[in-house]
A.B. asks: 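Structure provided below as structure tokens; questions to follow.
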Amino acid sequence: MLKLKQNSLIQDKEFLTTSAVILVCLLLLLAFPSENSAQNITKSFFFLVLLPVLYIKFILKKNLSEYGLNTNNKKSGIAWGVFGLAFSLAVFYSLINYTNLSANYVLPSYVINDFRFFLLYELTLVLFFLFINEFFWRGFVLFTLSKKLFWLSVPAQALIYLALAAITKTSLWQLTPYLILSVTSGIVAYKTKSIAFSIAAGMLFFIISDSYLIYILK
């Protein structure tokens, strides 16, 4: 009984400490200004990937696979990934056709006018930001919160992401794909205990949705 109580105290302490680290990462992200996309990429990677990795490896002394960096449960991962992709595309299609999303979601002109640049854009910049988002929100945040909130960790991390967007006054139209994925990828990651499948589904979602948007614009 005493051992169980000690383990519970240790887990509570770890949860509170990790929650504090998450908060610090977000505060540092907000505190450091960025004047261009290169600086934005650098600070996002540093505060949302590098710092959590160092904390997990050297403070918690845990494997990154516990925070989603694994390809376990391949069968369920593919199934949930397909579900996440289909649901995300359905939501995006509805928003494109029944709201002003197409007029407010901006893609660079060079991406719209040249297929080669489109592929380069999707497989470099989009993939990089997608990985950062998935690692931090669906990996570090979701798997931390899931220890106490269980399935409620999915809407919790999505709401925190939305709150951060409101604080930074980022255009919600421009963040629409990421807001959709905050829910669907959250479900995929929670059910599969992996962010590999949510990243794959998210990448396909961006390629298909951006292609559809370009098709409409042309």
Side-chain angles (χ1 to χ4, degrees), residues 29-30 33-45 47-49 77-139 154-155 157-189 195-218:
L29 183 71
L30 293 172
S34 56
E35 297 180 358
N36 51 56
S37 57
Q39 291 179 1
N40 191 36
I41 290 172
T42 301
K43 77 167 186 176
S44 296
F45 180 78
F47 295 129
L48 302 185
V49 177
I78 293 172
W80 280 106
V82 170
F83 161 78
L85 174 61
F87 194 82
S88 298
L89 288 173
V91 173
F92 189 84
Y93 177 83
S94 298
L95 292 173
I96 281 287
N97 287 279
Y98 301 109
T99 71
N100 292 324
L101 178 59
S102 60
N104 293 282
Y105 179 63
V106 180
L107 286 172
S109 59
Y110 63 85
V111 170
I112 297 174
N113 297 318
D114 193 316
F115 182 70
R116 294 169 300 176
F117 284 121
F118 169 78
L119 283 180
L120 183 64
Y121 171 79
E122 296 289 333
L123 297 176
T124 53
L125 194 61
V126 172
L127 180 57
F128 187 75
F129 274 111
L130 177 64
F131 172 78
I132 290 175
N133 271 273
E134 292 301 311
F135 177 81
F136 185 78
W137 295 103
R138 261 65 73 189
V154 175
Q157 57 84 31
L159 287 172
I160 297 170
Y161 181 77
L162 180 60
L164 183 68
I167 291 171
T168 57
K169 298 181 180 179
T170 305
S171 168
L172 294 184
W173 290 115
Q174 198 65 25
L175 281 182
T176 295
Y178 289 102
L179 292 172
I180 295 171
L181 291 178
S182 70
V183 178
T184 56
S185 290
I187 295 172
V188 174
I195 63 170
F197 306 104
S198 64
I199 290 173
M203 193 67 249
L204 287 172
F205 166 68
F206 267 105
I207 291 173
I208 296 171
S209 60
D210 285 349
S211 298
Y212 181 66
L213 181 60
I214 291 172
Y215 171 76
I216 289 176
L217 294 175
K218 286 188 173 182

A.B. asks: Give the intermediate values and the outcome of side-chain contact (heavy atoms from CB on, under 4.5 Å) for residues L162 and L172.
C.D. replies: CA-CA 9 Å; L162 180 60; L172 294 184; 4.0 Å; yes
A.B. asks: Just grab all the side chain to side chain donor-acceptor pair (under 3.5 Å) pairs involving residues 103-112, residues at least two apart or on different chains.
C.D. replies: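 Non-adjacent pairs meeting side chain to side chain donor-acceptor pair (under 3.5 Å): Y105-D210.
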A.B. asks: In the structure I gave you, are the side-chain heavy atoms of I214 and V111 within less than 4.5 Å of one another anywhere?
C.D. replies: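 Contact flag for I214/V111 side chains = yes.
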A.B. asks: Taking CZ in F117 as the centre, count heavy atoms belonging to other residues, nucleotides or ligands within less than 6.0 Å. Is the count above 12?
C.D. replies: no
A.B. asks: Working to the nearest 0.5 angstrom, can you tell me the gap between N113 CG and L107 CG?
C.D. replies: 11.0 Å
A.B. asks: Working note: I187 + F83, criterion side-chain contact (heavy atoms from CB on, under 4.5 Å); need CA distance, chi angles, decisive distance, verdict.
C.D. replies: CA-CA 10 Å; I187 295 172; F83 161 78; 4.3 Å; yes
A.B. asks: Do you know which two heavy atoms are closest between T184 and G84, and how far apart they sit?
C.D. replies: CB-O, 4.0 Å
A.B. asks: Using side chain to side chain donor-acceptor pair (under 3.5 Å) as the criterion, list what pairs up with S182, not counting sequence neighbours.
C.D. replies: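 For S182 there are no side chain to side chain donor-acceptor pair (under 3.5 Å) partners, ignoring immediate neighbours.
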A.B. asks: With rounding to the nearest 0.5 angstrom, report the CG to CZ distance, L181 to F87.
C.D. replies: 12.0 Å
A.B. asks: List the atom of A201, the atom of L85, and the distance in Å for their closest heavy-atom pair.
C.D. replies: O-CD1, 3.6 Å
A.B. asks: With sequence neighbours excluded, tell me which residues meet side-chain contact (heavy atoms from CB on, under 4.5 Å) with L217.
C.D. replies: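 Per chain and number, L217 pairs via side-chain contact (heavy atoms from CB on, under 4.5 Å) with I112, L213.
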A.B. asks: Considering non-hydrogen atoms only, spot the tightest contact between S198 and V188 and give its length.
C.D. replies: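 Looking at all heavy atoms of both residues, the closest pair is N-CG1, 3.9 Å.
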A.B. asks: Looking at CH2 of W80 and CZ of F197, how far apart are the two atoms once the value is rounded to the nearest 0.5 Å?
C.D. replies: 13.5 Å
A.B. asks: Would you give the length of the straight line joining atom CG of L164 to atom CG of L159, rounded to the nearest 0.5 angstrom?
C.D. replies: 12.5 Å
A.B. asks: So, do L48 and F135 sit near enough that their side-chain heavy atoms are less than 4.5 Å apart?
C.D. replies: no
A.B. asks: Could you tell me whether a side-chain N or O of T170 sits under 3.5 Å from a main-chain N or O of A166, the two making a donor and an acceptor?
C.D. replies: no
A.B. asks: Out of the candidates F129, Y212, Y178, only one should pair with F206 under the ring pair (Phe, Tyr, Trp, His ring centres under 6.0 Å) rule; please name it.
C.D. replies: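 The ring pair (Phe, Tyr, Trp, His ring centres under 6.0 Å) with F206 is passed solely by Y178 among F129, Y212, Y178.
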A.B. asks: Is the shortest heavy-atom distance from the side chain of V154 to the side chain of R138 under 4.5 Å?
C.D. replies: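 No, side chains not in contact.
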A.B. asks: With rounding to the nearest 0.5 angstrom, report the CG to CZ distance, L130 to F205.
C.D. replies: 10.0 Å
A.B. asks: Please determine whether ring-ring contact (aromatic ring centres under 6.0 Å, His included) holds for the pair F136 and F45, giving the CA-CA distance in whole Å, both sets of side-chain angles, and the decisive distance to 0.1 Å.
C.D. replies: CA-CA 10 Å; F136 185 78; F45 180 78; over 10 Å; no
A.B. asks: Considering all heavy atoms of both residues, which atom of G186 and which atom of Q157 are nearest to each other, and what is their separation?
C.D. replies: CA-NE2, 4.0 Å
A.B. asks: Measure up the Y161 and W137 rings against each other and bin them: parallel (under 30°), tilted (30 to 60°), perpendicular (over 60°).
C.D. replies: perpendicular
A.B. asks: Would you say the side-chain atoms of S44 pair up with the backbone N or O of I41, donor to acceptor, closer than 3.5 Å?
C.D. replies: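 Between the backbone of I41 and the side chain of S44 there is no qualifying donor-acceptor contact (under 3.5 Å).
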A.B. asks: Quick one: pull up CD1 in I180 and OG in S209 and give me the separation to the nearest 0.5 Å.
C.D. replies: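 That separation rounds to 7.5 Å.
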A.B. asks: Given side chains that start at C-beta, do those of L127 and E122 come closer than 4.5 Å, heavy atoms only?
C.D. replies: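 When only atoms from C-beta onward are counted, E122 and L127 do not touch, as no gap falls below 4.5 Å.
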